[in-house]
Enquirer: 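Questions regarding the structure given below will be posed in turn.
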There are 2 protein chains.
Amino acid sequence: MNEDAGLSERTTHATVDDVAALAGVSTATVSRCLNAPERVIPATREKVMAAIRKLNYTPNFGARALASRKTGIIGAVVPTLENAVFAHGIEAFEQALPPGKFALLIASSGYDPQREREQIEALVARGASGLMLVGFDRDPTVYEWLGHRRVPYVLAWASGDSQPHAGFDNEAGIAQMVGLVLELGHTDIAMISGMTEGNDRARGRLEGARRELARAGLEFRGVAEVPYGIETGARAFEKLIASHPVTAVICGNDVLAAGALRAAHRMGLRVPEDVTITGFDDIDIASITYPELTTVRVPHRRMGSEAARLLQQLIDGKEGQSVQLPTRVVARGTHAPPRRKDLPASA
Amino acid sequence: MNEDAGLSERTTHATVDDVAALAGVSTATVSRCLNAPERVIPATREKVMAAIRKLNYTPNFGARALASRKTGIIGAVVPTLENAVFAHGIEAFEQALPPGKFALLIASSGYDPQREREQIEALVARGASGLMLVGFDRDPTVYEWLGHRRVPYVLAWASGDSQPHAGFDNEAGIAQMVGLVLELGHTDIAMISGMTEGNDRARGRLEGARRELARAGLEFRGVAEVPYGIETGARAFEKLIASHPVTAVICGNDVLAAGALRAAHRMGLRVPEDVTITGFDDIDIASITYPELTTVRVPHRRMGSEAARLLQQLIDGKEGQSVQLPTRVVARGTHAPPRRKDLPASA
DNA sequence: CATGTGCATGAAAGCGCTTACATGCCCTCA
DNA sequence: TGAGGGCATGTAAGCGCTTTCATGCACATG
């Protein structure tokens, strides 16, 4: 309360000045010890480190960011972490960031473009020096804003775009799957797609499937477009089956497919004997359904780490190389040739 | 390069000074417009806002943090986002944070205590003004460090602790499930547990189950302790079944249970006729296995939002009230009375 | 022995914002 | 009508760090 100025170090956090004083050096030297140790002679460095330890000093983040003009914070906006695809991708993304150098600020948009925009602005306002975004479907003004602010970004789960991205080809992926179903002899096919508005992944899959079908002179007997979820997938399947005589149902993702599969069980349909059901993504649940799900394998984790690598290059001011990862059909247990119409079901 | 100072606003970011100059007010007023608009007369505020818009101004994060001593950043360290339980909890946690006021810095520890500690320090170094941690099992020095730094924190998925927490009672939850299995008449029971070291959730479940069994004068015929994963659950099940004559397998979580279930299918065992399998958590996958999984429902999302609420109170300097959420058994399709030993399997 | 070179360190000027305190105006009330 | 009070705004002092430039020393060189 009165005389002892030295005590202030106990009541408030230690600063560079305290460390410098204790070590008998200048603040510049303390700063160098932290940011460029090789520029300080070992003897001095040791003194400084000892002082730091003794005072339990940690640099103030705001001051550091202000003076150095970097935060070491990277932002990511995903639709939702409840979708395993994004959770896994983000996890890989985070792990691929150099530890100690960057930290990850995450926000979710709930598939709402307006909210996504707010989240992007919030992350940048919080000092994000780079952004990871999902897909390329968004208002051009967002890109302009980002450009104006000079915030580097990478689009994950996106492809074929002129923007820096790490992704895969949804159309090609689904085409592989439709190809397999066609080969099996199916002609009465339906699709359960995710919501396509503002979602280029879902749209790419739906359109890719339509195109592949068209190449064989066919078109879908029915298409349902529903929000992400097991329950929505299940209900869509019920409706589709009730109104169309289909032998195969292509699903836009594994969760929808899992829902469809459950609905099939509950309706007493045998899979794959009575109906073929396929997924997309090959997340964990694909291998615990019964039968195990035939789906399209997408390297989500690899994509996450590639996105991290790319973003770092961009942040470092280098020319980043976008990557397009391959997908492939994983043939498990939910596909089979269509039941021949002229035979009894039990044949 | 030479005379036109006004141009600097084009080459660099606008600052409060630029805004103040354009609006014809002082920087203090600009700051007030942003942080306490009600303290500025509407007419002035409008002028300032117009200037802000015109200059496309965004406050500098570092400067703001330095001057105001707050960052609006909250940190969370989870073992991994690949575990749906944490992904969902974090998602709820994030959504419960007042939008615009806080942003979420996320790091994952991969269940490694050392790495967790580093991540905690990294988040605090990045300015986190509050932390969400998983469970209470960690080196006491971590808590000391946090206390010394005056960083408020909340422990999620933890319970019964003196620390601020939002969680549920693992022992009580598993006891409910074991109770159900005992009621069905099982006496030859095994358990597949998650790794218990440094993981109080897994340990609580294992010990809670043991205790409940002991109350009935029984003990496990076999216990496997394996890392989180479908595959590990499957292999543990195979081993357990091969070496012990059990009729029920209690699993420490749904993923392990899903693995066990798949292994059972592959071994030709019928569930639940030949063997009862139970899970814990009630994540999405519990309702897409076949049969659907009998498990213990845990309100992970609710827990995430309660944790957010609690942490905010703590950050505001209030006395936070910990919460303990209830769990309950969800009886679906993977439980049944044991097959009577004296009857043929096909009875 | 004078000069040049390189390196470790110090001095001090900001970085862009917030905020305590000061100022001046307008309105109220006796 | 004048003192007092309240309110909107301005002034300016930091917040704690990084970084440029200057300094001085040790050593090599002619």
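Order of the sequence lines fixes the chain letters, A, B, ..., with proteins taken first and strands second; residue numbering starts at 1 for each chain.
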Enquirer: Nearest whole angstrom, please: distance from the C1' of D:dC15 to the CZ of B:Phe61.
Expert: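 The distance from CZ of B:Phe61 to C1' of D:dC15 comes to 14 Å, rounded to the nearest Å.
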Enquirer: Nearest to the side chain of A:Val40, which nucleotide is it out of D:dT18, C:dT9, C:dT18?
Expert: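 Out of D:dT18, C:dT9, C:dT18, the nucleotide with an atom closest to A:Val40's side chain is C:dT9.
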Enquirer: Roughly, in whole Å, what's the span from CZ in B:Arg45 to P in D:dA8?
Expert: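 From B:Arg45 CZ to D:dA8 P: 10 Å.
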Enquirer: Report the residue (A:Lys70 or B:Ala43) whose heavy-atom-nearest nucleotide on DNA chain D is the more 5′ of the two.
Expert: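 Going by which nucleotide is closer to the 5' end, it is B:Ala43.
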Enquirer: Of the options C:dT9, D:dG10, C:dT19, whose atoms approach the side-chain atoms of B:Thr29 most closely?
Expert: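 It is D:dG10.
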Enquirer: Which nucleotide, C:dT19, C:dG10, D:dC17, lies nearest any side-chain atom of A:Val16?
Expert: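 So the side chain of A:Val16 is nearest to D:dC17.
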Enquirer: Could you tell me whether the phosphate oxygens of D:dT18, OP1 or OP2, come under 4.0 Å of any side-chain nitrogen or oxygen in A:Ser31?
Expert: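 For D:dT18, OP1 or OP2 has a side-chain N or O of A:Ser31 closer than 4.0 Å.
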Enquirer: Does anything in residues 26-39 of chain B form a salt bridge (charged side-chain N to carboxylate O under 4.0 Å, His left out)? List the pairs, not counting sequence neighbours.
Expert: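 Pairs touching residues 26-39 of chain B that pass the test: none.
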Enquirer: In terms of heavy-atom contacts, does CZ of B:Arg309 have more than 12 from other residues, nucleotides or ligands at under 6.0 Å?
Expert: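 Yes, the 6.0 Å shell around CZ holds more than 12 heavy atoms from other groups.
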Enquirer: Can the ring centroids of A:Tyr143 and A:Tyr153 be said to lie less than 6.0 angstrom from one another?
Expert: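 So the answer is yes for these two rings.
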Enquirer: Could you pick out which residue, B:Ala67 or A:Ala67, lies toward the 5' side of DNA chain C when each is mapped onto its nearest nucleotide?
Expert: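 Residue closer to the 5' terminus by nearest nucleotide: A:Ala67.
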Enquirer: Which of these nucleotides, C:dT18, D:dT20, C:dC21, is closest to any side-chain atom of A:Arg32?
Expert: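 The nucleotide sitting nearest to the side chain is D:dT20.
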Enquirer: Indicate whether OP1 or OP2 belonging to D:dG10 is found under 4.0 Å from a side-chain N or O atom of B:Ser26.
Expert: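 Answer yes for this pair, as a side-chain N or O of B:Ser26 is under 4.0 Å from OP1 or OP2.
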Enquirer: Atom NE2 of A:His13 and atom P of D:dG16: how far apart are they, to the nearest Å?
Expert: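 The distance from NE2 of A:His13 to P of D:dG16 comes to 10 Å, rounded to the nearest Å.
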Enquirer: Expressed in angstrom and rounded to an integer, what is the separation of A:Leu34 atom CG from D:dC17 atom P?
Expert: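 Computing the A:Leu34:CG to D:dC17:P distance gives 9 Å.
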Enquirer: Roughly, in whole Å, what's the span from CD1 in A:Ile41 to P in C:dG10?
Expert: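 In whole Å, C:dG10 P lies 12 Å from A:Ile41 CD1.
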Enquirer: Just call it for A:Val25: base, sugar-phosphate, or nothing, with non-hydrogen atoms closer than 4.0 Å on any strand.
Expert: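 Since only primed, P, OP1 and OP2 atoms lie under 4.0 Å of A:Val25, the category is sugar-phosphate.
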Enquirer: Would you kindly give the CZ-to-C1' distance between B:Arg39 and C:dT19, to the nearest whole Å?
Expert: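 Whole-Å distance recorded here is 9 Å.
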Enquirer: Would you please indicate yes or no on a ring centroid separation below 6.0 angstrom for B:Phe61 and A:Phe61?
Expert: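 Centroid separation for A:Phe61 and B:Phe61: below 6.0 Å.
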Enquirer: Under 6.0 Å from the CD atom of B:Gln321, do we count more than 12 heavy atoms belonging to anything else shown?
Expert: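 No.
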Enquirer: C:dA13 P sits how many Å from A:Leu66 CG, rounded?
Expert: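 Answer to the nearest Å: 17 Å.
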Enquirer: Rounding to a whole Å, what distance do you find between A:Lys47:NZ and C:dA8:C1'?
Expert: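 That distance rounds to 11 Å.
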Enquirer: Tell me if the side-chain of A:Arg69 makes a donor-acceptor pair with the base of C:dG16, cut-off 3.5 Å, by modelled atom types.
Expert: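 Counting by modelled atom types and ignoring angles, no donor-acceptor contact under 3.5 Å is found here.
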Enquirer: Name the closest nucleotide to the B:Asn60 side chain, picking from C:dC17, D:dT20, C:dA20.
Expert: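 Shortest atom-to-atom distance from the side chain points to C:dC17.
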